[in-house]
Amino acid sequence: MTLLDISRALTAAHPNWPGDAPFRVNPGARMAGGDSVNTSELCTSTHTGTHVDAPWHYDDLGERLDAVPLEVYVGTCRVLSVHGSGMIGSEVFGTLPETLPSRLLLNTGQPEHWTVFPEDFRTLSPDFVREVARRGVQLIGTDAPSVDPLTSKTLDAHHACQDSGIYILEGLNLSAVNDGEYELLCLPLPLVGVDGAPARAVLRLL
Ligand SMILES: Nc1ccccc1C(=O)C[C@H](N)C(=O)O
Ligand SMILES: [Zn+2]
Ligand SMILES: [Zn+2]
């Protein structure tokens, strides 16, 4: 079985959403220092690297992560390249079939590694979100750090997703993936009561 890892490697140098707590793996016990094992202490924003958003991230009355069914993140998906700049809108509808699998992963051309946080990335127009929902999508994934622009305060694409019954997966690494249909296996950390969580996401060839 071949698995394509589409998660971002989390290194000490992984850049963060501006203002969030920096990603850190601090040393705990060290065998080199006489301890019986090696351990580490993890410090991370829930929105670092490849991660899912729970609706509570952008809606104070929205579901927390533990209320989101895992089935959302596992199953057939389509990977679609939408390289370019600015908002993704109605111009891509013509290239899409009338019926889409439940999961749509957007390859906007982000590189495998971020050395600095990409402040200018492709985002989604609410019209795009509503139209792919109509065609059957229930999860949108993107290789960008967000579905809305960095400075957005209204988070229109996030809310359009919630209104259309679509969940959100962000910060994928699709740099080595061809367009097509795959099985997505994405499992967020089992954190309770939170707004989102880092996830390991892989694609299985169908
Ligand atoms: N940490 C933040 C602080 C302020 C504003 C947004 C964020 C985000 O994490 C955005 C994000 N990755 C998103 O879910 O779209
Ligand atoms: Zn997020
Ligand atoms: Zn988001």
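All values below were derived from every heavy atom in this structure, side-chain atoms included, with hydrogens, water molecules and symmetry-related copies excluded. Counting starts at 1 for both ligands and their atoms, following the listed order. Being a predicted model, the structure only gives us computed values, none of them experimental.
When heavy-atom distances to ligand 1 are checked against a 4.0 Å cut-off, Ser45 has no atom that comes that close, whether in backbone or side chain.
Under 4.0 Å is where a charged nitrogen must lie from a carboxylate oxygen, and between Glu183 and Arg103 no such pair does.
Within the 3.5 Å criterion, the main-chain N or O of Pro126 finds no donor-acceptor partner in the side chain of Asp156. Between the side chain of Arg204 and the backbone N or O of Gly75 there is no donor-acceptor pair closer than 3.5 Å. Put simply, the side chain of Arg200 never gets that close to the backbone of Leu187: no donor and acceptor are under 3.5 Å apart. In terms of modelled atom types and a separation under 3.5 Å, the side chain of Asp195 and the main chain of Pro55 share no donor-acceptor contact.
Around the Zn ion (ligand 3), the protein N, O or S atoms found under 2.8 Å comprise Asp53 OD2, His158 NE2, Glu170 OE1, Glu170 OE2.
Atom-to-atom distance recorded for Asp59:CG and Gln162:CD is 4.5 Å, nearest 0.5 angstrom.
At a threshold of 4.5 Å between non-hydrogen side-chain atoms, the residues Leu139 and Ile166 do not count as touching. Inter-residue side-chain proximity for Trp56 and Glu63 is flagged as unmet; no heavy-atom pair is nearer than 4.5 Å. Between Leu80 and Leu105, every side-chain heavy-atom pair lies at or beyond the 4.5 Å cut-off.
The protein heavy atom nearest to atom 5 (C) of ligand 1 is Trp17 NE1, 3.4 Å. Among protein heavy atoms, atom 1 (N) of ligand 1 sits closest to Asp20 OD2, 2.7 Å. In terms of protein heavy atoms, atom 13 (C) of ligand 1 is closest to Glu170 OE1, 3.1 Å. Ser146 OG, 2.5 Å is the protein heavy atom nearest to atom 15 (O) of ligand 1.
The shortest N or O to N or O distance between Pro145 and ligand 1 is below 3.5 Å.
The closest approach between Asp53 and ligand 1 falls below 4.0 Å for a heavy atom of the residue.
For atom 14 (O) of ligand 1, the nearest non-hydrogen atom from the set His51, Lys153, His57 belongs to His57.
For His14 and His113, the gap between ring centers reaches or exceeds 6.0 Å.
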